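Letters go in sequence order (proteins before strands), and every chain restarts at 1. Predicted model only: the values in this text are computed from it and were never measured.
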2 protein chains.
Amino acid sequence: MQPKITITNIIWSFDHTTKHVNLLLVKRADAPFKDYWALPETVMRPSESADTAALRLVREKIGLELASFHTEQLATFTQPNRVPGDRSLSLAYMTFLPEMPPLTAGYGAADARWFTFDYEATQYRLQNDQLIFHTTAIKDHDTYYNQLTDRSADPNTTLGFDHDWILKVACQRICNKLDYQPNILLILGDYFTLKRARTVFAVFQQVPLESIDNSNFKKNHKHLFKPVGTSSAKHPGRPAKEYQLNYFDLTNE
Amino acid sequence: MQPKITITNIIWSFDHTTKHVNLLLVKRADAPFKDYWALPETVMRPSESADTAALRLVREKIGLELASFHTEQLATFTQPNRVPGDRSLSLAYMTFLPEMPPLTAGYGAADARWFTFDYEATQYRLQNDQLIFHTTAIKDHDTYYNQLTDRSADPNTTLGFDHDWILKVACQRICNKLDYQPNILLILGDYFTLKRARTVFAVFQQVPLESIDNSNFKKNHKHLFKPVGTSSAKHPGRPAKEYQLNYFDLTNE
DNA sequence: ACAAAAGTGTTATACGTACACCCATGC
DNA sequence: GCATGGGTGTACGTATAACACTTTTGT
């Protein structure tokens, strides 16, 4: 019997009014994990690659047609007990949206919302009104999957499937790549100020924004950005310069 | 129709007599790519995870029972045209053997051999007697897969499937992780001298061994190793100290 | 004019690099 | 004792971090 092949997509965006990183979660309409919040998923079609399927998911759920460099493979999750019942593989991708469009619950979803992303102690936290979820605090792969089958599973505090583990892996990956391939900055759109960039770095590194010195940040990451002009300031204070990502650093040379 | 799910395993070892990194290739006995050399593969069973399947492949083909930290996931390759005919996914793993056991052609293989691993210009090279293969020189994912279907495919110079691409990705990954998580050093066995470690670093970084200064290497990587004694010298010159990897750095904390 | 926001510059320190020198072994 | 292989130490240059200062805007 062949396992089911699922594309799981971790979709990031940035709210320019609240200055928060956001993450898309979906309330599932069907089993398994009906009525649980979880990462959006789709099934791969016979004629498409997994990358294409991840982009198709974004097109279908959000209505954005993205170039392929907005998506990147995270890892593949294959533990036999990751889904109760049938065997299911998850090919996990991350997608960095250049904007934060309004959401509508699509096919297979009872609801779809943006969750603000920040941290609390050593875990990351997702929040939307009353709803709060966390990445798992468990560090070891085997330990995590051993406790998975018989854990308390309250849909108001627990994500469906192994998605709190997958999310932890995603956050780690993004954090590790901040200094040499910060594709996550694509969520800031085409142009961004250094402060916005520092905001994103700060969340993933779990440090306060003020602890990242602007002068040093600019010097240390100058190879990643190129200046493209000055933002029009709508507040007291000097208007910030705007930068864009060097495309070079987003791909593998 | 569900695609076929294949585990592809890139198996590394170290030849302590020739001081070369080695890589396992298999001559395929069956279609597709019959009589081509390729990376060893297996199919995932319903009850096992992909990690377990990768370790099982090592056990069946080589007869070594390894702990799970010897294996690490590389990526998943899903391009529809990566295998002519049927749809097939490759979940690629890398395995670092602590020794280099003799090989026997197992099930599905007409031959199985260790290929010495070095570099030539900007590509990596695999060699065994007359047989020489290279990692692909193509840098872009789409460009590679576009030329894949109609490339010249001589079994004496070309690996089967997209394995020259997968190998390139593997080498890049290992190279990127050398300075913070050099699991590749597991191929040196439990204990190793700094010179052996530098030998491994040199191949993957595509520089001559002499260009890596021993004194500086030791200082820059002291967090990765701990000393465990001195080797018994069987040659003129001072005997080298031996080190082992800090287990800490092999896992994600 | 002043406060707020952001860019620029300066210094002290840490780190990586190059290279010289010292030590242990086999013959 | 000398050649060989390997470990140790130092001095230099570059990169990072801390922090002070200057510039530009809104009120």
Side-chain angles (χ1 to χ4, degrees), chain A residues 14 16-20 175-180 182 185 188-189 191-202 205-244 249, chain B residues 14 16-20 175-182 185 188-189 191-202 204-244 249:
Chain A
F14 190 82
H16 283 275
T17 60
T18 66
K19 286 153 191 157
H20 271 290
C175 193
N176 285 333
K177 292 179 82 172
L178 282 179
D179 284 327
Y180 74 101
L185 294 182
L188 296 174
Y191 314 117
F192 53 86
T193 65
L194 288 186
K195 190 169 194 177
R196 296 279 156 97
R198 276 159 50 217
T199 307
V200 175
F201 274 57
Q205 293 176 345
Q206 307 197 331
V207 296
L209 173 61
E210 313 80 52
S211 74
I212 306 180
D213 181 87
N214 189 54
S215 170
N216 296 332
F217 183 79
K218 182 179 177 179
K219 275 180 283 187
N220 295 341
H221 300 93
K222 56 175 177 289
H223 59 289
L224 299 174
F225 316 131
K226 61 165 178 280
V228 288
T230 302
S231 70
S232 47
K234 279 162 187 57
H235 51 73
R238 181 172 175 171
K241 292 193 179 167
E242 291 194 310
Y243 295 83
Q244 65 182 43
D249 298 301
Chain B
F14 190 81
H16 283 275
T17 61
T18 67
K19 285 152 191 157
H20 271 289
C175 193
N176 285 333
K177 293 181 80 172
L178 282 180
D179 285 328
Y180 74 101
Q181 212 181 80
L185 293 182
L188 295 174
Y191 314 118
F192 53 86
T193 65
L194 288 186
K195 189 170 194 178
R196 295 281 156 97
R198 275 158 52 218
T199 306
V200 175
F201 274 57
F204 282 97
Q205 292 176 346
Q206 308 197 331
V207 296
L209 172 62
E210 313 80 53
S211 74
I212 306 179
D213 182 88
N214 188 54
S215 169
N216 296 331
F217 183 79
K218 182 179 179 180
K219 272 181 285 187
N220 296 341
H221 300 92
K222 56 175 176 290
H223 58 290
L224 299 174
F225 316 131
K226 63 164 177 280
V228 288
T230 303
S231 69
S232 47
K234 279 160 186 58
H235 50 72
R238 180 172 175 171
K241 290 191 179 171
E242 291 194 311
Y243 296 83
Q244 66 182 42
D249 298 300

Original post:
Given C/dG7, is OP1 or OP2 found less than 4.0 Å from the side-chain N or O atoms of A/N214?
Top reply: yes
Original post:
In terms of side-chain heavy atoms of A/P239, which of D/dT25, C/dA6, C/dT25 is nearest?
Top reply: D/dT25
**OP:** For the side chain of B/S215, starting at C-beta, report the closest nucleotide among C/dA24, D/dG9, C/dT8.
**Re:** D/dG9
Original post:
C/dA18, C/dT10, D/dT8: which one has an atom nearest the side-chain heavy atoms of B/K218?
Top reply: D/dT8
Original post:
Can you find an N or O donor on one side and an acceptor on the other, under 3.5 Å apart, linking the side chain of A/N220 with the base of D/dA15?
Top reply: no
Subject >> Euclidean distance, atom CG of residue A/N216 to atom C1' of C/dT11 [Å, nearest integer] >> reply: 12 Å
Original post:
How close or far is atom P of C/dG16 from atom NE2 of B/H223, stated in whole angstroms?
Top reply: 9 Å
**OP:** Measure centre to centre between the rings of B/F14 and B/F192, then say whether the value is under 6.0 Å.
**Re:** no
Subject >> Short side-chain N/O contact from A/K222 to OP1 or OP2 of C/dG7, under 4.0 Å >> reply: no
**OP:** On DNA chain D, check which nucleotide each of B/D213 and B/T193 is closest to and give me the residue with the more 5' one.
**Re:** B/T193
Original post:
How long is the line joining CZ of B/R198 and P of C/dT17, in whole Å?
Top reply: 14 Å
Original post:
Using a cut-off of less than 4.0 Å, is there contact between a side-chain N or O of B/K241 and OP1 or OP2 of D/dT8?
Top reply: yes
Original post:
If you look at every strand shown and take non-hydrogen atoms under 4.0 Å, does A/K195 touch a base, only sugar-phosphate, or nothing?
Top reply: sugar-phosphate
**OP:** Let me know the distance between CZ of A/R196 and P of C/dA5, rounded to the nearest Å.
**Re:** 13 Å
Subject >> Shortest non-hydrogen separation from B/A240 to B/T193 and the atoms involved >> reply: CB-CG2, 3.6 Å
**OP:** Have a look at B/K219 and say if it touches a base, only the backbone sugar-phosphate, or nothing, with a 4.0 Å heavy-atom cut-off.
**Re:** base
**OP:** For the pair B/K222 (side chain) and B/K219 (backbone), establish whether a donor and an acceptor sit closer than 3.5 Å, ignoring hydrogens and angles.
**Re:** yes
**OP:** Identify the heavy atoms of A/D179 and A/F201 that sit nearest to each other, and give their distance.
**Re:** OD1-CE2, 3.9 Å
Original post:
Expressed in angstrom and rounded to an integer, what is the separation of A/F217 atom CZ from C/dA6 atom P?
Top reply: 14 Å
Original post:
CG of B/D179 versus C1' of C/dC15: gap in Å, rounded?
Top reply: 14 Å
Subject >> Main-chain N/O of A/V207 paired to A/S211 side chain as donor or acceptor, under 3.5 Å >> reply: no
Original post:
Looking at C/dT25, does its base get a donor-acceptor pair with the side chain of B/R238 below 3.5 Å?
Top reply: no
**OP:** Choose from C/dA24, C/dG26, D/dT8 the nucleotide whose nearest atom is closest to any side-chain atom of B/P236.
**Re:** C/dG26
